Protein chains: 2
Amino acid sequence: MLSQKAKYALKAMLALAAEKDGDLLQAGDIATKHNVPRKFLELILLDLRKQGLINSQRGKNGGYALAKPAEAITFGQIVRIMDGPLAPIPCASLTGYRRCEDCRDEKTCAVRRTMREVRDAAATILDGMTLAQARQGAGRKTPVL
Amino acid sequence: MLSQKAKYALKAMLALAAEKDGDLLQAGDIATKHNVPRKFLELILLDLRKQGLINSQRGKNGGYALAKPAEAITFGQIVRIMDGPLAPIPCASLTGYRRCEDCRDEKTCAVRRTMREVRDAAATILDGMTLAQARQGAGRKTPVL
DNA sequence: TTTTAACTCTACTAATTTGATGGACAATAT
DNA sequence: ATATTGTCCATCAAATTAGTAGAGTTAAAA
């Protein structure tokens, strides 16, 4: 499951991507516009900034803006920052691999093998979806399988 | 994330699928063999039985067996019983749709659209993986995307 | 028919995660 | 100076997760 945090983050990033290049958007505005609790959103934006996805400006008329072009930021990056690895199970993760405590033989584990497929599919979709594409309402041309 | 419960359930079902047709497997044996807390496993098996995936026999020499051929039981069925819908977000779910409270316009929401793709990919993989296939170590022929 | 070994069911609990909230502090434009 | 906005830290209530405990029920076997 995607957390609220990740969902809010995606919406906030899309809002920032809609802004003219260089224009700042304030936390309060995003919060109002997208029905996100304001203080909660601030934590999220702080996270995104610390990970280098957005820049912030303090003080009066401050706000946030994308740190990179919307073509260079993907859903995958955002979701991983908020919720961690995409894999349904740590032993199937590339970015956050951890062994299953209870697993007898990882090499032949059908659960792991299948969850790796799920991870790969999710990664393909999310790492392939940029903010720019999402804004244009880009659907996937080639259906998944 | 897949819960421990779902992971244990998948392993238990695979164990049952490995049994000769009609043979019973006891909770204690599965627990030992797969490093699953015994009482916890019993809850899981109870769930699976109530959902009609396995049968149980009480009393001495009791145990569990698949209620259907291993070709007719999929990872998708098992995961949904344990963890609910596959979709990362309720508004993208087929089996458990629920509107996003904070969503302004569901029709054009890029988050929803993308998470629906993720759901569809996961469903394709998990609903396509039967216990029988998993036992044979069947990998996916056509890669996802 | 008693015993034993299995599943069934309900209740409980400890730890963690999630989804926030509040307030002091720091920076910046006016 | 002052108003405004981001930063940071602490706290918190509710939900979820992962597991435990124990009494009850069933059925085979001694």
Side-chain angles (χ1 to χ4, degrees), chain A residues 1-12 16 23-32 34-67 79 81-85 88-90 96 100-102, chain B residues 1-12 16 23-32 34-65 67 79 81-85 88-90 96 98 100-102:
Chain A
M1 272 282 291
L2 200 72
S3 67
Q4 285 287 101
K5 228 171 135 170
K7 191 182 69 176
Y8 292 159
L10 289 169
K11 293 201 171 184
L16 290 174
D23 277 15
L24 297 179
L25 205 50
Q26 300 186 343
D29 292 345
I30 302 175
T32 305
H34 290 86
N35 287 325
V36 180
R38 193 222 161 106
K39 288 299 270 179
F40 195 34
L41 177 62
E42 287 184 0
L43 293 185
I44 292 166
L45 292 168
L46 200 54
D47 253 8
L48 292 169
R49 197 213 52 176
K50 285 181 178 169
Q51 299 302 317
L53 261 47
I54 61 179
N55 293 320
S56 66
Q57 169 110 25
R58 286 155 66 132
K60 199 158 187 175
N61 302 328
Y64 301 88
L66 296 186
V79 170
I81 288 171
M82 293 326 230
D83 287 355
I89 200 171
C100 261
E101 291 308 322
D102 53 271
Chain B
M1 273 283 290
L2 201 72
S3 66
Q4 285 287 100
K5 228 171 134 172
K7 190 182 69 177
Y8 292 157
L10 289 169
K11 294 199 170 184
L16 291 174
D23 277 15
L24 296 179
L25 204 50
Q26 298 185 344
D29 292 345
I30 302 175
T32 306
H34 290 85
N35 286 324
V36 179
R38 193 222 160 102
K39 289 299 271 181
F40 195 35
L41 178 61
E42 286 183 359
L43 293 185
I44 291 166
L45 292 168
L46 200 54
D47 251 8
L48 292 170
R49 196 214 51 177
K50 285 183 178 167
Q51 298 302 317
L53 260 48
I54 61 179
N55 293 321
S56 66
Q57 170 109 27
R58 283 152 73 130
K60 202 159 186 171
N61 305 327
Y64 301 88
V79 170
I81 287 171
M82 293 319 203
D83 288 355
I89 199 172
R98 258 186 34 234
C100 262
E101 291 307 324
D102 52 271

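Nothing here was measured: the structure is a model prediction, and the numbers come from that model. Chain A is the first sequence line, chain B the second, and so forth, proteins listed ahead of strands; every chain is numbered from 1. In what follows, every heavy atom counts, from backbone to side chain, and hydrogens, waters and symmetry copies are set aside.
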Mind checking if [X] touches a base, just sugar-phosphate, or nothing, with heavy atoms under 4.0 Å?
X       : answer
A/Gly63 : sugar-phosphate
B/Glu42 : base
B/Lys7  : nothing
B/Leu45 : nothing

**Study point:** Along DNA chain C (nearest heavy atom to each residue), the more 5'-positioned of A/Lys39 and B/Gly59
**Key:**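 Checking each residue's closest nucleotide, the 5'-ward one belongs to B/Gly59.
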**Study point:** Residue whose closest nucleotide on DNA chain C lies nearer the 5' end, B/Arg38 versus B/Leu43
**Key:**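 Here B/Arg38 is the residue nearer the 5' end.
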Exercise for review: Describe, as an angle rounded to 10 degrees, how the axis at the first end of the helix from C/dT1-D/dA30 to C/dT30-D/dA1 is tilted relative to the axis at the last end, five pairs per end.
Suggested key: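 Here the local axes at opposite ends form an angle of 0°.
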Is [X] close enough to [N] that one of its side-chain N or O atoms is under 4.0 Å from OP1 or OP2 there?
X       : N     : result
B/Ser56 : C/dT8 : yes
A/Arg49 : D/dG6 : no
B/Asn61 : C/dA5 : no

Review point. Could you give the distance from CD (B/Gln4) to CD1 (A/Ile89), rounded to the nearest 0.5 Å?
Key: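 The CD atom of B/Gln4 sits 7.5 Å away from the CD1 atom of A/Ile89.
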Practice item. Mind checking the NZ-CG spacing from B/Lys7 to A/Asp102? Nearest 0.5 Å is all I need. Key: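 So the gap between those two atoms works out to 3.5 Å.
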Figure out the [atom1]/[atom2] separation between [X] and [N], and round it to whole Å.
X       : N      : atom1 : atom2 : result
B/Leu46 : C/dA6  : CG    : P     : 17 Å
A/Lys50 : D/dC8  : NZ    : C1'   : 7 Å
B/Asp47 : C/dC7  : CG    : P     : 16 Å
B/Gln57 : C/dT8  : CD    : C1'   : 14 Å
B/Tyr64 : C/dA5  : OH    : P     : 17 Å
A/Asn55 : C/dA27 : CG    : P     : 17 Å
B/Asn35 : D/dA18 : CG    : C1'   : 16 Å
A/Leu41 : C/dT21 : CG    : C1'   : 14 Å

Table of protein N/O atoms under 3.5 Å from nucleotides 14-19 of chain C N/O atoms:
residue : atom : partner : partner atom : Å
C/dG19  : OP1  : A/Gln4  : N            : 3.4
C/dG19  : OP2  : A/Gln4  : N            : 3.2

Side-chain contact test, heavy atoms from C-beta onward, threshold under 4.5 Å: evaluate it for [X] versus [Y] and give yes or no.
X       : Y       : answer
B/His34 : B/Leu41 : no
A/Leu45 : A/Ile54 : yes
B/Pro85 : A/Met1  : no

Please determine, for the side chain of [X], which listed nucleotide ([options]) has the closest atom?
X       : options               : result
A/Ala27 : D/dG6, C/dA11, D/dA3  : D/dG6
B/Arg58 : C/dT28, C/dA11, C/dT8 : C/dT8
A/Gln26 : C/dT8, C/dC7, D/dG6   : D/dG6

Exercise for review: Indicate yes or no for a side-chain donor-acceptor contact from A/Asp83 to the backbone of A/Ser3 under 3.5 Å, with no hydrogens or angles considered.
Suggested key: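 Side chain of A/Asp83 to backbone of A/Ser3: a pair is present.
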Practice item. Give the intermediate values and the outcome of side-chain contact (heavy atoms from CB on, under 4.5 Å) for residues B/Ile30 and B/Val36. Key: CA-CA 8 Å; B/Ile30 302 175; B/Val36 179; 5.7 Å; no
**Study point:** Closest contact, heavy atoms only, B/Arg38 versus B/Ala31
**Key:**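 The answer is CA-CB, 3.8 Å.
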Review point. Given the rule in the side-chain contact (heavy atoms from CB on, under 4.5 Å) test, do B/Asn61 and B/Leu24 qualify, once you have shown the distances and angles that lead to the verdict?
Key: CA-CA 8 Å; B/Asn61 305 327; B/Leu24 296 179; over 6 Å; no
**Study point:** Worked check of side-chain contact (heavy atoms from CB on, under 4.5 Å) between B/Met82 and B/Asp47
**Key:** CA-CA 8 Å; B/Met82 293 319 203; B/Asp47 251 8; 4.1 Å; yes
